[in-house]
Participant: 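Here it is, the structure, as structure tokens.
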Amino acid sequence: MCGIIGVVALPGKTPYKPSEMGYRGLLRLEYRGYDSAGGASIDPFRRRIIVAKGKGKIAELERKLGLSKLPGYTLIYHTRWATHGRPSDENAHPHLDCRGEIAVVHNGIIQNYRILKEELLRKGHVFSSETDTEVIAHLIEEKYRVYRDFYRAFKEAVMEIEGSYALAVITLHEPDKIFFAKKDSPLIIGVGDGYNFVASDIPAILEYTRKAIIVHDNELGYITPSSIYLEELGRGSIDWSRRVRIIEWSIEDASKGGYPHYMLKEIHEQPRAIRDTLYGLMNEPVVVEAAKLLLDARRIYTTAAGTSYHAGLYYSLATAQLAKQPVYSFIASEYPSIADSVGEDDVLVAISQSGETIDVLMAVRAFRERGGRVIAVSNIVDSAIPRESDLAIYMRAGPEIGVAATKTFTAQTTVLAWLAIAHGEEAGVLDRSEAGELRDWLAKAPQLVAESIAANESLAIKLAEWIAGKHSMYYLSRWIGVPVAMEGALKLKEIAYIHAESYPAGESKHGPIALVENMFPVLFVIPGVDWVEKLLLGNIQEMRARGAYIIGVAAEDTGLADQLDLWFRVPCGHWILTPLTHTPPLQLLAYYTAIRRGYDPDKPRNLAKTVTVE
Ligand code: AGP
């Protein structure tokens with residue numbers, strides 16, 4: 001996700017030049033991942049806003065544009081993780097209003113930006129970027145024309161935008177203030193002596209102050225070099241003095257949000273990643289375009305690698321159910337095995353969080369060479385695979401630093417569920433109310449995933465102590481639970497280095513059950529679906545009869561509770577949510593087992609985050 005830092009200072013009161021403080025803070029945000037960066041400041045002598053921004057790395061932009069040498073004492077900086085609009089100089093933040101009197105940086109997604117932009121264009125505003133963020137600058141400008149009171153204009157604009165945001169705004173109208181607002185995206189205030197900060201998170205300010213105020217949702221206000229104003233929308237001003245925290249973390253710890261590893265942080269980030277992904281999908285025309293493409297397809301294929309392949313398996317099962325269409329799912333490196341079946345009217349859904357996996361890219365190229373059309377699902381805007389596809393639908397999980405995929409898997413399955421619903425609706429298999437009900441279930445996912453994580457972390461820690469001593473484990477399920485079981489097995493293999501195998505539970509009696517002996521761990525992913533539970537009962541009993549230790553991931557209303565030796569309880573929900581509610585306990589189990597065995601979950605041996613060589 002994007003990174004923000006703003007600093008406002010009294011002349012002569014700062015340890016460094018304010019622009020150096022902002023620049024050094026910006027460097028501390030690099031770990032969050034970005035494709036472009038920039039800064040803006042108020043030039044006190046010439047009473048204008050100076051903007052320096054572009055696509056590329058911060059060090060390169062420093063050489064070209066002198067980010068650390070901007071004039072003045074009121075500055076905002078930004079690292080951009082593209083969500084709306086490809087990485088480019090024009091789309092980099094900060095963004096200005098028409099008159100160049102307001103500059104905005106933003107982390108999050110403005111869900112209603114299209115409607116707001118159309119209205120502003122009708123009023124004559126001229127835009128210079130494809131971003132949702134630029135709408136905010138023009139909206140404030142429009143409000144200022146009415147109220148002639150900047151904070152009032154800022155507040156009115158904030159109340160009109162929908163979605164997630166952490167905002168920092170500077171203006172010539174009040175040159176010694178930085179205005180801020182927060183909803184769903186992180187924002188803090190750094191309390192200095194003769195200077196104050198707003199920032200996305202703590203690493204950006206630690207070099208200058210350890211005093212921070214965590215801004216809460218629906219709070220907004222402004223900072224000056226010597227004062228802070230904070231209020232809650234609709235409830236008035238807040239006494240912030242009791243909320244000042246002294247940060248004890250090191251900068252390294254702080255970039256992990258206080259978590260010991262990025263992987264654990266990213267497991268816990270899943271509710272927000274899913275929520276931002278859903279914000280990005282609502283009113284996104286490309287989803288309907290993709291659904292129409294799928295509807296007209298002769299055959300539908302999906303391809304990916306690793307975790308993303310598991311998301312693709314889920315997609316094929318969901319599409320078969322919701323659009324009554326078969327989807328052929330193949331591992332990208334196995335493309336040659338299906339090449340001769342591909343023809344002009346075929347459609348491929350290519351899934352890759354990095355958008356750079358070479359196996360997938362080669363499959364996409366080969367598929368298109370045969371006249372097929374490609375829909376990419378990725379987490380990185382304008383990466384190689386989306387660039388070479390006909391359509392691209394993006395998750396908005398933010399950068400995933402841990403090598404093991406966690407939040408990108410649940411974000412991928414959120415996108416794929418949304419696509420399968422749109423396809424079912426286009427195909428006339430789902431009527432509006434059925435599609436609406438399924439989307440309502442997805443809208444509940446952020447909360448349900450948070451509950452799944454909270455309910456199972458301590459149990460995962462406890463079970464990990466035992467699993468850490470095991471050499472092998474089965475992850476079984478049926479139907480929509482199988483891709484989740486496969487994902488759980490991959491996690492245990494890739495970060496705890498324990499052999500884990502996953503297959504559809506009905507296969508046990510065709511061979512694998514020969515491996516089972518006393519206390520052999522067998523984990524069952526149990527989707528909340530009656531016919532699946534009835535079949536899994538038999539599979540559980542055949543394992544138990546051979547002495548297996550039965551671990552279950554199941555909702556509170558499961559009928560199999562008495563069959564389980566250990567039960568990861570997940571929230572009740574719809575089968576479409578299975579990868580979202582049932583995967584977190586498996587991620588936590590793998591993470592804590594790796595820790596128990598003394599391994600670094602962020603940097604598993606032999607693995608790279610993105611496989612760009614064949
Ligand atoms: C998953 O934990 C692994 N990091 C790996 O299997 C990964 O999912 C695979 O390499 C695909 O990556 P992609 O989604 O970026 O294409």
Side-chain angles (χ1 to χ4, degrees), residues 33 81 261-267 269-270 273 277 302-315 329-335 348-365 367 374-389 392-416 475 483-498 500 502 579 583-584 586-591 593-594 599-614:
W81 172 271
H261 298 97
Y262 284 113
M263 182 178 175
L264 189 59
K265 176 172 177 261
E266 288 154 4
I267 289 171
E269 276 179 350
Q270 290 182 108
T277 296
T302 182
T303 196
T307 289
S308 301
Y309 171 68
H310 302 148
L313 283 176
Y314 164 78
Y315 168 65
S329 179
F330 65 94
I331 287 181
S333 54
E334 283 297 296
Y335 172 75
L348 172 68
V349 177
I351 306 162
S352 172
Q353 83 83 15
S354 64
E356 300 292 343
T357 298
I358 191 69
D359 302 351
V360 181
L361 185 59
M362 303 308 282
V364 163
R365 286 177 179 162
F367 199 90
V374 180
I375 299 164
V377 174
S378 185
N379 194 40
I380 298 180
V381 174
D382 211 37
S383 51
I385 292 162
R387 271 205 314 275
E388 298 198 23
S389 299
I393 306 175
Y394 291 106
M395 309 112 77
R396 288 171 172 80
E400 190 169 68
I401 315 289
V403 167
T406 49
K407 63 177 181 175
T408 55
F409 175 67
T410 44
Q412 278 170 341
T413 47
T414 300
V415 168
L416 294 163
Y475 287 70
V484 178
M486 293 172 76
E487 176 56 14
L490 175 62
K491 288 284 135 334
L492 195 71
K493 279 184 279 193
E494 67 175 330
I495 63 166
Y497 316 148
I498 293 174
S502 179
T583 305
L586 308 183
Q587 296 166 338
L588 291 165
L589 177 59
Y591 171 80
T593 303
Y599 301 128
D600 178 351
D602 284 341
K603 302 184 185 77
R605 65 189 182 200
N606 311 330
L607 295 180
K609 181 61 186 168
T610 303
V611 181
T612 55
V613 289
E614 276 192 301

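When a ligand or atom number is given, it counts from 1 through the structure's own listing order.
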Participant: Are E400 and K407 close enough for a salt bridge, meaning some N to O gap below 4.0 Å?
Facilitator: no
Participant: Might you point out which heavy atoms bring P386 and S378 nearest each other, and give the distance in Å?
Facilitator: CG-CB, 3.7 Å
Participant: At their closest point, which heavy atom of R396 faces which heavy atom of T277, and how far apart are they?
Facilitator: N-OG1, 3.0 Å
Participant: Pairs of nitrogen or oxygen atoms closer than 3.5 Å, one from E487 and one from ligand 1: do any exist?
Facilitator: no
Participant: Any idea which protein heavy atom is nearest atom 15 (O) of ligand 1, and the distance to it?
Facilitator: S354 OG, 2.6 Å
Participant: Show your reasoning for whether side chain to side chain donor-acceptor pair (under 3.5 Å) applies to T307 and E487.
Facilitator: CA-CA 6 Å; T307 289; E487 176 56 14; 2.9 Å; yes
Participant: Locate the shortest heavy-atom distance separating I351 from S308; write the atom from each residue and the value.
Facilitator: O-CB, 3.6 Å
Participant: How close does the nearest protein non-hydrogen atom get to atom 12 (O) of ligand 1, and which residue and atom is it?
Facilitator: T357 OG1, 3.5 Å
Participant: Should one rank A405, A304, A305 by closest heavy-atom distance to atom 9 (C) of ligand 1, which comes out on top?
Facilitator: A305
Participant: I need the contact type for E494 against ligand 1. Using non-hydrogen atoms and a strict under-4.0 Å cut-off, is it side chain, backbone, both or neither?
Facilitator: side chain
Participant: Please give me the minimum heavy-atom distance between T302 and G312, naming the atom from each residue.
Facilitator: CG2-O, 3.6 Å
Participant: Under 4.0 Å from a heavy atom of T307: give me the atoms of ligand 1 that qualify, with their elements.
Facilitator: 1 (C), 2 (O), 6 (O), 8 (O)
Participant: Which atoms of ligand 1 are found less than 4.0 Å from any heavy atom of S308?
Facilitator: 8 (O), 13 (P), 14 (O)
Participant: Check whether the side chains of Q270 and T410 place a donor and an acceptor atom closer than 3.5 Å, and report yes or no.
Facilitator: yes
Participant: Considering both backbone and side-chain atoms of V403, is one of its nitrogen or oxygen atoms within less than 3.5 Å of a nitrogen or oxygen in ligand 1?
Facilitator: yes
Participant: For atom 6 (O) of ligand 1, find the nearest protein heavy atom and state the residue, atom name and distance (0.1 Å precision).
Facilitator: G306 CA, 3.2 Å
Participant: Ignoring hydrogens and geometry, is there a side-chain-to-backbone donor-acceptor pair from D382 to R387 under 3.5 Å?
Facilitator: no
Participant: Distance under 4.0 Å to a non-hydrogen atom of A404: what atoms of ligand 1 satisfy this?
Facilitator: 2 (O)
Participant: Counting from 1, what ligand 1 atoms have a heavy atom of K491 closer than 4.0 Å?
Facilitator: 1 (C), 2 (O)
